[in-house]
Amino acid sequence: MGDEHQTQATSGSSESALAKTYDPRQSESRWYAFWESEGFFKASSEASDTRETYTLAIPPPNITGSLHMGHACRTTFEDVLTRYQRMNDKNALWIPGTDHAGIATQVVVERQLKKENLTRHDLGREAFVKRVWAWREESGGRILQQLRKMGASCDWSRERFTLEPALCRAVNEAFVRLHREGLIYRGTRLVNWDVSSQTVLSDLEVETEENVQGELFDFAYPVTDGSGEVVVSTTRPETMLGDTAVAVHPDDERYQHLHGKTVSHPFVERTIPVIADAELVDPEFGTGVVKVTPAHDPNDFATGKRHNLEEISIFNLNGTVNEQGGTFAGLDRFEARKRVKEALEERGLARGSKKHTMTLPRSQRSGTIVEPMISTQWFVKMEPLAKPAIAAVEEGRIQILPEDWTKTYFHWLRNIQDWCISRQLWWGHSIPAWHCGACAHITVSIEEPSVCASCQSTDLRQDEDVLDTWFSSALWPFSTLGWPDDTPDLKRFYPTQDMETGYDILFFWVARMIMMGLHFMGEVPFSRVLLAGLVTDERGEKMSKVKGNVIDPLDVIGGASLESLVQKAERAGAKPGGIKYLKKTYPDGFLPYGADALRMTLLSYSPQARRIALSIKRIEGYRNFANKLWNASRYALMNLHDTQLNARPPSAPKQLPNRWVLSRLGAAVDAARSGIDGYRLDDASSALYHFVWDEFCDWYLELSKPLLASDRPDVVEETRQTLVHTLDAILRALHPMMPFITEEIWQRIPRGRIPQGPQDATDKRTIMLAPYPTGDADGRTDPEAEQSLHTLRDVVVAVRTIRAEHDIPRAKSLQVHWHADNPAASQTLGEERSLVESLIGGTLIAEDAPEKLRDAAEHFTNAAVFFAAGIRGAVPDVIDPDKERDRLERELKKSVKELTAIEKKLANANFLERAPAEVVEQTRQNQARLQSTKDQLERALKRLS
RNA sequence: GGGCGGGUAGCUCAGUGGUAGAGCGCCGGCCUUACAAGCCGGAUGUCGUCGGUUCGACCCCGGCCCCGCCCACCA
């Protein structure tokens with residue numbers, strides 16, 4: 001590999017002509033392999049390396065996952081930051097790794113087992129976990145390979161996995177310490193139970209489905225003393241099997257007579273009290289009477305605590321009714337609901353129902369409706385941890401971008417609930433707690449204890465639960481660096497600088513990392529949180545397998561036929577509508593756009609956006625940009641001949657285009673830098689895109705043609721130097737964003753003496769380690785050149801417009817008469833005459849008599865006139881009067897419109913008094929300019945008719 | 001019920017208290033020795049709506065109407 005690229009690098013321009021079209025497939029994997037094998041991604045751990053560090057920990061993708069657009073987006077962003085910092089001579093470390101993703105992974109493997117007609121229980125815990133590990137070996141690294149395709153410059157030598165032994169040790173350490181500090185405790189609570197995965201969930205893992213059409217069912221409880229009945233309303237009739245009270249509002253006139261009475265349960269042997277509770281009951285709602293099921297409803301649970309009610313759990317862990325349900329035992333929850341309603345009808349207790357819109361809690365992973373259940377679990381006490389995390393952001397030690405999210409962050413942390421961290425799963429971190437069979441004491445310890453800490457019994461059994469996968473994620477910024485050991489890496493790279501992730505895991509992950517980082521390290525885990533939006537399809541709809549609108553980044557990079565897209569979507573379970581959409585939207589599939597094009601596209605979206613509506617057309621646009629860059633480079637390399645890159649920038653260039661492009665280069669590079677520094681990668685990439693295309697290609701390269709054809713060797717050499725330097729700087733500036741193509745071209749630039757600088761030693765090997773350009777070092781501010789070029793450009797465009805409007809063939813040479821209204825413009829056009837002539841395909845004739853041009857129609861036959869940047873001009877002989885009239889009228893309309901607005905403004909006395917002087921002055925100048933243009937246009941029109 | 005974000009060119013989206021921008025699309029003309037994945041020229045918007053602040057508002061403030069998201073225990 002090394003040899004191959006060496007050959008390329010030194011082969012010069014002439015003998016290895018570049019293909020006309022850039023093919024990303026030819027270079028991407030090649031360069032990645034080169035970078036990786038040369039160790040360019042590795043952060044230095046040498047003691048002698050005193051460079052400032054830059055650290056960023058990857059949001060570890062789940063091992064279940066394959067790369068999706070969200071990953072691609074984040075990877076690109078993080079890679080740009082890392083590559084940029086590395087080029088700025090930082091000791092840059094981007095830590096890669098994967099997450100074991102407890103419940104998500106377990107669900108996937110269980111699904112596989114199901115195909116073999118097995119459940120995890122058939123295998124038993126040990127064999128099941130073994131199986132998950134085997135699966136992880138097979139697929140766990142896939143996404144990391146995919147990250148490589150994106151160009152991610154992670155330090156693979158420091159790759160981590162949340163369930164590897166070192167990180168398990170960190171988890172145990174964290175658990176034991178928090179437990180010792182009283183921040184982890186065991187509690188019996190009403191928890192969120194997922195009946196299909198049969199585990200408890202944290203509040204965050206429960207998603208609410210809104211606007212579900214349900215019914216509000218009324219039924220009657222007979223009052224025990226026979227004095228009547230009480231009608232209650234409920235959305236969950238089956239839970240009446242667990243009712244232990246009926247509640248009314250204490251002030252409700254209608255139900256005063258019930259206070260102190262009991263009602264009889266129709267299906268189980270139980271009389272239940274009527275209680276008065278102002279907190280639970282809203283007299284306006286339903287019948288104003290609430291059935292109370294403390295074991296299966298959060299409000300009722302709280303009510304039960306207030307009134308000391310019995311908590312009767314009526315469900316088994318799998319969601320079927322248990323023995324408390326009497327004759328309903330064994331039925332599934334929803335079947336039970338039906339049967340309870342029927343039974344109530346039969347007993348004549350049903351009192352009708354009405355439609356009711358409600359919200360349903362569902363498990364984030366399984367989608368099952370969550371059942372509130374009373375259960376004993378491990379919890380983390382959050383409030384003491386939340387306080388410092390709030391302070392860290394308040395005090396600016398951590399900055400959250402976009403800033404709007406700080407509010408959300410504060411709101412969540414200020415209302416934080418304790419975190420249930422135990423899960424009844426098999427795949428995950430074991431809990432370092434041992435239950436004593438003799439005295440029921442729980443011994444919490446890092447190492448397996450031999451005896452119970454309380455009674456010394458040896459009858460110990462480790463807690464069977466595992467930890468919420470987010471518990472280990474919360475430690476990620478320091479566990480990956482070796483914590484709890486005080487390793488050199490930890491010392492050197494903690495705290496990290498940036499954390500970039502999706503806003504959807506602000507609470508799940510970011511907030512918890514901050515809390516844990518502050519708690520265990522005493523320092524914030526990162527100083528900045530960058531929250532990215534959600535990638536959607538071009539309609540703004542969430543990508544989903546069912547909708548068939550998932551765009552696989554690898555398909556975009558490598559290309560994919562429509563057939564393969566359809567096949568993939570079908571395999572993933574897309575519905576017919578989704579397939580139809582797919583066929584309609586991407587009739588030709590995807591061309592191989594390349595990773596660089598995809599990266600540029602993803603970068604071009606504003607980080608403020610919550611939605612990133614990815615459009616293939618846009619990717620195509622950036623693929624075209626890559627090709628443009630490629631061809632501009634071809635042009636440059638073809639024209640260098642023996643010139644090598646040997647100084648940057650060329651000293652004291654004399655030719656206007658050279659002066660101008662260096663000035664613009666400086667501005668572009670500064671814009672790119674400030675964009676990246678301000679985390680506005682959209683601004684940074686856009687500044688470079690426009691500089692490269694609109695200025696470098698459209699103007700500089702065109703202007704360089706006559707210069708390179710000059711018979712003056714000094715002009716030619718100066719231009720070649722400027723050309724190669726500008727190209728080199730462009731490549732370096734773009735490299736963090738488009739790593740592959742920039743390396744491919746950079747390697748082909750012939751290099752002479754390498755300039756002195758800190759990165760000299762590495763300069764020749766790879767663009768990755770070349771310095772990021774700066775406006776000062778690589779550009780050359782030259783306002784005068786910019787002004788002159790502006791004039792030049794305006795005249796060229798004016799003449800080109802005339803050519804286009806009048807259908808004048810390119811081959812026809814034009815005589816352009818001109819007169820300048822100011823000395824600067826006059827000088828520019830005088831000096832740069834031959835450049836302008838070569839761009840307009842004609843001859844410039846300077847007129848000493850301005851009136852000739854003012855009255856062009858009299859002096860010339862069929863002349864077209866123009867007014868541009870202080871220059872008046874006329875092109876005689878070639879003009880169709882009708883077309884010219886159309887053109888002039890259009891121009892006139894425009895000036896009149898603008899002029900009217902300006903005049904109105906200047907007529908306003910308040911404006912003249914109050915507006916800043918320079919604004920007024922500028923407005924006046926505009927007025928004068930427009931007025932003169934308008935006059936002249938009018939005159940020209942008059943002569944025409 | 002609270003909170004947040006958004007409504008700008010046909011589409012997807014930037015944007016700034018002082019003459020409205022990009023990409024794609026559209027119209028017209030070009031195979032111009034870097035590039036047809038291109039070049040040249042052109043058209044396109046009462047910047048959601050109603051008020052207010054201001055000399056001046058797409059931008060700041062308030063109301064309203066849509067759209068999206070997050071949080072919250074209303075049976």
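Letters A, B, ... mirror the listed sequences (proteins, then strands); counts begin at 1.
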Which nucleotide wins on minimum distance to the side chain of [X], given the candidates [options]?
X         : options                   : answer
Leu701(A) : rU12(B), rG41(B), rA34(B) : rA34(B)
Lys617(A) : rC24(B), rC13(B), rA37(B) : rC24(B)
Arg890(A) : rC40(B), rA43(B), rA34(B) : rA43(B)
Arg800(A) : rC40(B), rG29(B), rA14(B) : rC40(B)

Figure out the [atom1]/[atom2] separation between [X] and [N], and round it to whole Å.
X         : N       : atom1 : atom2 : value
Ile808(A) : rU32(B) : CD1   : P     : 19 Å
Lys894(A) : rA20(B) : NZ    : C1'   : 14 Å
Tyr409(A) : rC70(B) : OH    : C1'   : 17 Å
Leu637(A) : rA34(B) : CG    : P     : 13 Å
Phe866(A) : rG41(B) : CZ    : C1'   : 16 Å
Lys904(A) : rU19(B) : NZ    : P     : 15 Å

Can you give one letter per nucleotide of nucleotides 4-11 of chain B, going 5' to 3': B for a protein heavy atom under 4.0 Å from the base, S for sugar-phosphate only, - for none? BS------
Would you call the rings of Tyr622(A) and Phe625(A) parallel, tilted or perpendicular, taking 30° and 60° as the class edges? perpendicular
What orientation do Tyr22(A) and Trp630(A) show, parallel under 30°, tilted 30 to 60°, or perpendicular over 60°? tilted
For [N] and [M], measure between their [atom1] atoms and round to the nearest Å.
N       : M       : atom1 : value
rG41(B) : rG56(B) : C1'   : 35 Å
rA57(B) : rA20(B) : P     : 13 Å
rG5(B)  : rU46(B) : C1'   : 26 Å
rC60(B) : rG17(B) : P     : 8 Å
rU32(B) : rG68(B) : C1'   : 49 Å
rU44(B) : rC61(B) : C1'   : 32 Å
rU8(B)  : rU49(B) : P     : 10 Å
rG15(B) : rA9(B)  : C1'   : 14 Å

Counting only heavy atoms not in Gln417(A) (residues, nucleotides, ligands), do more than 12 fall under 6.0 Å from its CD? no
For His307(A) and Asp277(A), test the side chains for any donor-to-acceptor distance below 3.5 angstrom and give the result as yes or no. yes
Rounding to 0.5 Å, atoms CG (Leu241(A)) and CZ (Arg236(A)) come to a distance of 11.0 Å
By the Watson-Crick or G-U definition, both distances under 3.5 Å, rC26(B) is matched with rG42(B)
